[in-house]
Structures are given as structure tokens and as C-alpha cells.
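In what follows, a single structure is set out as C-alpha cells and then discussed.
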2 protein chains.
Amino acid sequence: MNKKPPTSARPKSKRLSPEDRRQEFIRKATEFFADEGFNGGTRELARRLGVTQPLLYRYFPSKDDLIEEVYKKVYLEPLESGWEKRLMDRSRPIRERLCEFYNAYTDAIFTRIWLRIYLFSGLKGLEINRAYVNVVRDKILTRIVRECRAAADLPAQKPTAAELEMAWVFHGGIFYYGIRKYIYEASVLEDKDKMIADAVDVYLASFTRIAEPRRLSRRSDRLQLAGED
Amino acid sequence: MNKKPPTSARPKSKRLSPEDRRQEFIRKATEFFADEGFNGGTRELARRLGVTQPLLYRYFPSKDDLIEEVYKKVYLEPLESGWEKRLMDRSRPIRERLCEFYNAYTDAIFTRIWLRIYLFSGLKGLEINRAYVNVVRDKILTRIVRECRAAADLPAQKPTAAELEMAWVFHGGIFYYGIRKYIYEASVLEDKDKMIADAVDVYLASFTRIAEPRRLSRRSDRLQLAGED
DNA sequence: GACCATATTTATCACTCGATAATCAAGAAG
DNA sequence: CTTCTTGATTATCGAGTGATAAATATGGTC
């Protein structure tokens, strides 16, 4: 919608292109709804934008349409980085790949805004949230399990339910770090990279134990624990 | 609705004791707000209770007071089981104690109602939520770390930041199982006990690796991974 | 039965919400 | 300047909100 071909050569942007204005509204609306929840009023939102409330309805047919735009922006943003390729680059150690992936992924989603929008929409049970969870499972976790199996010289196969569950617990442990920091606003270990590296080490170290219980004695390399018979 | 009192002498329950009625309101209000969020209207809530809306204000001065009661009920309920003692019973193996604790704890909090109320209030940044997170840290995680140190014959000391962080990741991984099941309503591994047992095994197996990096070669018992130099 | 305390409802207020129509303002083109 | 398009505002509507007061229904007690 680059409406006006300016008579002069350069784009004499006086006001702001309608589409740019719209995008700015979406961006600030994302911040607003992240703070206030989707029950936040359009008047308060307009006040933050520095405009009057009815103007919103020039750019969006209804509040729900605006919210829809917020959803799309938030959910698609972290997915449009090409992290899939690097996770499957078997020329590099699996540990390095996992650490790099989760460092990048959490750099994208560990923000107050993203996590809050994500949880707000999750509590509404929206389809886009279900879809995102499926993407995490299919595009991230199953690939992680597959790569771990390959790295451990286990035969390639569809991840078992238990393997997938362990990957979810691993993933959820990391994810919960973001929730603690940006939702609960609790103090966390400052060194996020170390947290991820430790979590990856723990997951990798135990991978075969869960995936292939018969390959190792389940207790052979576990701690010797007081009272264990 | 066991409202008919026998004419005989026994505990002469009238129509329903005012306090009981109040508790019933709180109980159903908890379900309601778990479904609709705390922005749910008092009229719709009253409709679910089978009464008219102004009646709520005979039992609670305001909607916020009712919500406060919901908070207290939800947050205090899972804490009033004496799980602290059993976690520190060193006559039993640490693995058994951890599994038993998390089985019981998740039996208490892994419900649609509890998790939704918890997240709704967490997103509001309420003091009671902060307090609960601190309780989890001080009454559960620090004790778990302490018991693990004892079980591994490590000297007793205040948990390091890294140890606490690993405990949080462990705890969060289990917690996220509940979120996936009851918030996202995604399919999870049906056998919750197995998920917990696996998570506990993973955590315990790696405990010394993180707690005391010098006790073991960090790579001695890890998988041999393709490409690792 | 009559009486009274209280549980419950009906009617209503002041306010906020999302949304719409009418009006005004600000540039661009002639 | 005048005209036209469009961005932006003012005023307002109808529905829904939490909350209050007055009126009514109900059960226990004498």
C-alpha cells in the first residue's frame, strides 16, 4: 500500500505510511496486551498510542482482529529463524548443536512480552497455541531425539513415547527458566548459557538410559545412595 | 445439596450452615474463575451457583474479596500435606523419596483448576504467587539439594546457585508436564509415575556432575557422541 | 398459628466496554 | 486559494460490569 508516488525522487515520508502506522499499532498493542491481558481496554490502549480510541477502528475492524494480528506476530516471529538446519548438522557434536539451538531459541522467546502473550493465549485454549505446541513437538523435540539417537549410534526409528516425554521434560525445564524470570519475576541463575549447558549435559548423559534401558544397567552409573538396597 | 435436616437431635444442620454455604460458593467460584479467568462476570458466576448475583455480596464484600478467598484456598491446599517430613527421612533411598514426593505433589496440583488459577494469578504478579515460588524454593528445592548432597556423601552446605538452578530445571520439567496436559490440553505420556521416575533418575544421575565438577571427569560417563573432539 | 431473623430476589445506579456516525483537520493536486 | 481525499477527533449508543437498597420469601422458635 505504498499509496503516494511522491513527485520528487526521495520518499518524502511526512506522516507515516498507512501500513507502517498499522504495524506500529500492532507492535505497541502487543506490549499493551502483554501487560494488561487481552481484557485491557481499547481506550487505555489508544492512550498509550497517543491517539483516540475510535481511530483504532480505522485500522482494524474490531478489537478481536487486532488481537489476531498480535497472535500472528508473536507466534510466527520465533519460528522464522532457520534453526532447523543447524540442529541437524551432524558434522558438529550434538551437545554443541543443542546448546546453540537453545541459546538462540531462548534468546527469541525469553522476553516478558512473548512469554506473557504466549501464556495468555494458552489459557484461552486457542487453536494457534495448540498448533505451536505441535510445531515444538514435531519440528524440535522429535528432531532432537532423532539426532541424539544418531549420535549414540542407536538405530534410527520413530521416537518412542517415553523418549519424547523425556525430551519434553528437558525442554520444559529450560522453558520454565523463562517463566520464572519473566512471569514470576523471580531471581534466576544469571548465566543463562550455563543453565542451558547444564541441562543439555544432564539430558545427553541420561539419554541412552531412558531410550534403551537394557543397554546399561540402570543403576550402574547412578549415585550410590544411602539406604539403597 | 443435602439440605434436609432430620428432625432428630443430631448435628442440627439447618438449610446449610452460613459458613458451609460460603465455602461452597468459594469452591464453585474457584471452578468458575479457573474456566473464565478473573474477568469472569459475577452474573455468570451466580448463574452457575443457581442464585442471583446480588446474593454474592451478602457473603463477600466485593468480587475482589471473593477472589482473595479463591487464592488462599488454591495456594494453601497443596501445602498442607506433610510432605516435608517424608522428603527428609534419610532411612529411605533418595530416589524413593523424590519419586514419592513428586507423585504426591503432582497429584495435588496437576488439576485443570489448580494450574489455571495458578497461572492466572501468576500473570497478575500477585504477592501470594511470589510467596509460593519462594516456598517451593526454600521448602522443596533447597531440601532436595541438601538431601541429594547427603545421599552422595558430599559435605553439607548451602546449595550453590548452580545446584539450585539445576533443581529448578528438574522441577520445572516435571511441572511443565502438568501445563502441557491441563493448560495446553496436549497429549502427554499417560504414565505420570514413569515420567517422574525417569526425571528423578536423570536428575540424580547427574547430580554430582553439576554439584562437584571435579569429582568426576565431566565427560567420563557421558555418551560418546559423533563429532565430539 | 404468629413472629422474627435472615436468606434471597427484584430493581436500579454509576460506570466501563466495544463500536458507530458525524464532524473536523491536514496535507496533496489543480 | 479551492477542492478532494483521508487521517483523526468528538459525541454517542447499547450492552455489560460491580455494587447497593428495598422488597420478598423462607425457616426456626415461641
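All chains are named by letter (A, B, ...) in the order of the sequence lines, taking the proteins before the strands, and each is independently numbered beginning at 1.
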I'd like to compare against my own output: the B/S/- annotation of nucleotides 15-21 of chain C with a strict under-4.0 Å heavy-atom distance to protein. --BBBB-
Just how far, in rounded Å, is P of D:dA21 from CZ of B:R58? 12 Å
Here the distance between atom C1' of D:dT9 and atom CZ of A:R47, to the nearest Å, is 17 Å
Residue of the set A:R180, A:E190, A:K194 for which side chain to side chain contact (heavy atoms under 4.5 Å, CB included) holds with B:E165: A:R180
In whole angstrom, what separates B:R22's CZ from C:dT8's P? 14 Å
Using a distance-only test with no angle check, is there a side-chain donor-acceptor pair under 3.5 angstrom linking A:H171 and A:Y102? yes
Rounded to whole angstroms, how far apart are CD on A:E24 and C1' on D:dG7? 14 Å
Residue set satisfying side-chain contact (heavy atoms from CB on, under 4.5 Å) with A:I128, at least two apart, ordered chain then number -> A:Y71, A:Y75, A:L126
Touch class at under 4.0 angstrom, heavy-atom based, for A:F60 against every strand present: nothing
Atom CG of A:L55 and atom P of D:dT9 are separated, to the nearest Å, by 6 Å
Check: B:F38 ring centroid to B:F33 ring centroid under 6.0 Å: yes
Report yes if a side-chain nitrogen or oxygen of A:Y59 is closer than 4.0 Å to either non-bridging phosphate oxygen (OP1 or OP2) of D:dA8; otherwise report no. yes
Whole-Å gap separating P (D:dT6) and CZ (A:R21): 17 Å
What donor-acceptor contacts under 3.5 angstrom involve side-chain atoms of residues 111-120 of chain A, with partners at least two apart or in another chain?
residue	atom	partner	partner atom	Å
A:T111	OG1	A:W114	N	3.0
A:R112	NE	A:D35	OD1	3.2
A:R112	NH1	A:E185	OE2	3.4
A:R112	NH2	A:D35	OD1	2.6
A:W114	NE1	A:V74	O	2.9
A:R116	NE	A:A34	O	2.5
A:R116	NH1	B:L123	O	3.1
A:R116	NH2	A:A34	O	3.4
A:R116	NH2	A:D35	O	3.2
A:R116	NH2	B:L123	O	2.8
A:Y118	OH	B:Y184	OH	3.2

In whole angstroms, how far is the P atom of D:dT17 from the CG atom of B:L56? 13 Å
Would you tell me whether A:T30 and A:K73 have side-chain atoms, one donor and one acceptor, within less than 3.5 Å of each other? no
Distance check needed: C:dA7 P versus B:E19 CD, whole Å only. 12 Å
